[in-house]
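To keep things clear, I will list the structure first and then write my remarks on it.
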Amino acid sequence: MSKILLADDEKGLVTMMKHYFELSGYQVLTACCGAEALKQAARQPDIILLDINMPDIDGLTVCQRIREHISCPILFLTARVETSDTIRGFQAGADDYITKPFDLDELGARVAAHLRREDRKQGQSVLRFFGDMAIDYTKHQLTIGNTQIALSKIEFGIVELLSANPGQVFDRDRIYDIVWGLEGGGNSDTIMEHIRKIRAKFSACTMHNYIETVWGVGYKWNG
């Protein structure tokens, strides 16, 4: 069953498309704003229908943010027809344009055609988005904006543990046991130094404090 993400701030249109594609046998994900589209994109859809004019984060920005991490076809939904807009969309990573208003059967045929042509890579990346940060857990890569942050194996292990459990507080001993495991030859005091280094690398690209200290207890992820 193919998974489709429908991202548009027109809730009535989203409901109509959702009903159509579910009847056509698709698993449907929906979003009504750019931030929600980023969150849903982490669930690895097979194709994305993305409105350009969305509140908070526009479709062009959403496309740029996810394109380096997601290889599936992205089709823009738009009332715009100017050549400059289509060029910007393709430069952002779009594969096609669907002009509003559109016929649902034609839209369904276009989606099916893109899925047939798509030669999907095996082994999807597991990734999550936190504001300007994107973490690819499979590739062990972390980017803030357009900048890739170089993290050591241990540093990435700490980030992976905390970010995969946002809001959960981990004390130093627990972090050490999970990240170092049986290979650990030191002690949990090294956690503070590793977190200091991680924060320094993050602060070079963002003012947001992703790793929060819970005094007297430990650390938690503040996405």
Side-chain angles (χ1 to χ4, degrees), residues 2-24 26-115 118 124-125 127-136 143-147 163 166 205-208 210 222-223:
S2 295
K3 187 188 303 181
I4 186 170
L5 169 57
L6 311 174
D8 197 299
D9 65 337
E10 297 182 44
K11 294 185 178 180
L13 179 60
V14 170
T15 298
M16 182 176 65
M17 290 192 296
K18 182 177 186 291
H19 181 69
Y20 174 85
F21 282 108
E22 284 180 338
L23 287 177
S24 300
Y26 289 82
Q27 179 182 350
V28 180
L29 309 174
T30 62
C32 290
C33 66
E36 182 66 18
L38 286 173
K39 180 180 178 180
Q40 294 285 42
R43 297 176 63 182
Q44 295 291 349
D46 297 300
I47 191 166
I48 299 173
L49 303 187
L50 181 61
D51 181 32
I52 288 184
N53 298 312
M54 287 191 294
D56 68 346
I57 306 174
D58 64 76
L60 289 170
T61 302
V62 171
C63 185
Q64 290 172 330
R65 289 281 310 280
I66 67 178
R67 178 42 87 197
E68 292 186 2
H69 306 280
I70 295 176
S71 63
C72 75
I74 299 176
L75 284 61
F76 275 135
L77 304 175
T78 180
R80 297 178 180 178
V81 293
E82 292 85 353
T83 301
S84 60
D85 290 319
T86 60
I87 291 174
R88 288 176 62 206
F90 288 127
Q91 288 175 338
D95 295 282
D96 200 356
Y97 266 81
I98 307 293
T99 304
K100 298 177 182 179
F102 48 76
D103 179 81
L104 278 175
D105 288 330
E106 180 183 351
L107 176 64
R110 191 84 67 90
V111 166
H114 275 282
L115 288 174
E118 180 70 0
Q124 295 280 346
S125 293
L127 66 142
R128 295 186 71 175
F129 297 96
F130 302 95
D132 291 333
M133 179 184 291
I135 305 176
D136 189 322
T143 57
I144 299 177
N146 295 320
T147 303
S163 64
C205 300
T206 180
M207 296 293 292
H208 186 77
Y210 283 99
N222 177 28

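Because the structure is a prediction, the values reported are computed rather than measured. Just the heavy atoms: all of them, side chains too, but no hydrogens, waters or symmetry mates, feed the values below.
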Residue pair [X] / [Y]: nearest heavy atoms and the distance that separates them:
| X | Y | answer |
| --- | --- | --- |
| D58 | I52 | CB-O, 3.4 Å |
| D46 | L115 | O-CD2, 3.6 Å |
| V14 | L6 | O-CD1, 4.2 Å |
| E36 | T30 | CG-O, 4.2 Å |
| A94 | C63 | N-SG, 3.7 Å |
| H114 | I47 | CB-CD1, 3.8 Å |

Is there a donor-acceptor pair under 3.5 Å between the side chain of [X] and the backbone N or O of [Y]?
| X | Y | value |
| --- | --- | --- |
| Y210 | F130 | yes |
| R128 | S163 | yes |
| D56 | G34 | yes |
| D136 | L127 | no |

[atom1]-[atom2] distance between [X] and [Y], expressed to the nearest 0.5 angstrom:
| X | Y | atom1 | atom2 | value |
| --- | --- | --- | --- | --- |
| L13 | D8 | CG | CG | 5.0 Å |
| L49 | F102 | CG | CZ | 7.5 Å |
| I57 | L38 | CD1 | CG | 5.0 Å |
| L77 | T99 | CG | OG1 | 9.5 Å |
| M133 | I144 | CE | CD1 | 4.0 Å |
| L50 | I66 | CG | CD1 | 6.5 Å |

> Are R88 and Q91 close enough, and set up right, to give a side chain to side chain donor-acceptor pair (under 3.5 Å), and what steps lead you there?
Replying inline: CA-CA 5 Å; R88 288 176 62 206; Q91 288 175 338; over 6 Å; no
>> With a 6.0 Å cut-off (strictly less than), is the heavy-atom count around NZ of K39, excluding the residue itself, greater than 12?
In response: no
> Under 6.0 Å from the NE2 atom of H208, do we count more than 12 heavy atoms belonging to anything else shown?
Replying inline: yes
>> When you compare the side chain of Y20 with that of L107, does any pair of heavy atoms fall below 4.5 Å?
In response: no
> Do K100 and D51 come close enough that some side-chain heavy atom pair is under 4.5 Å?
Replying inline: yes
> Would you call R110 and D103 a salt bridge, taking side-chain N to carboxylate O under 4.0 Å as the test?
Replying inline: no
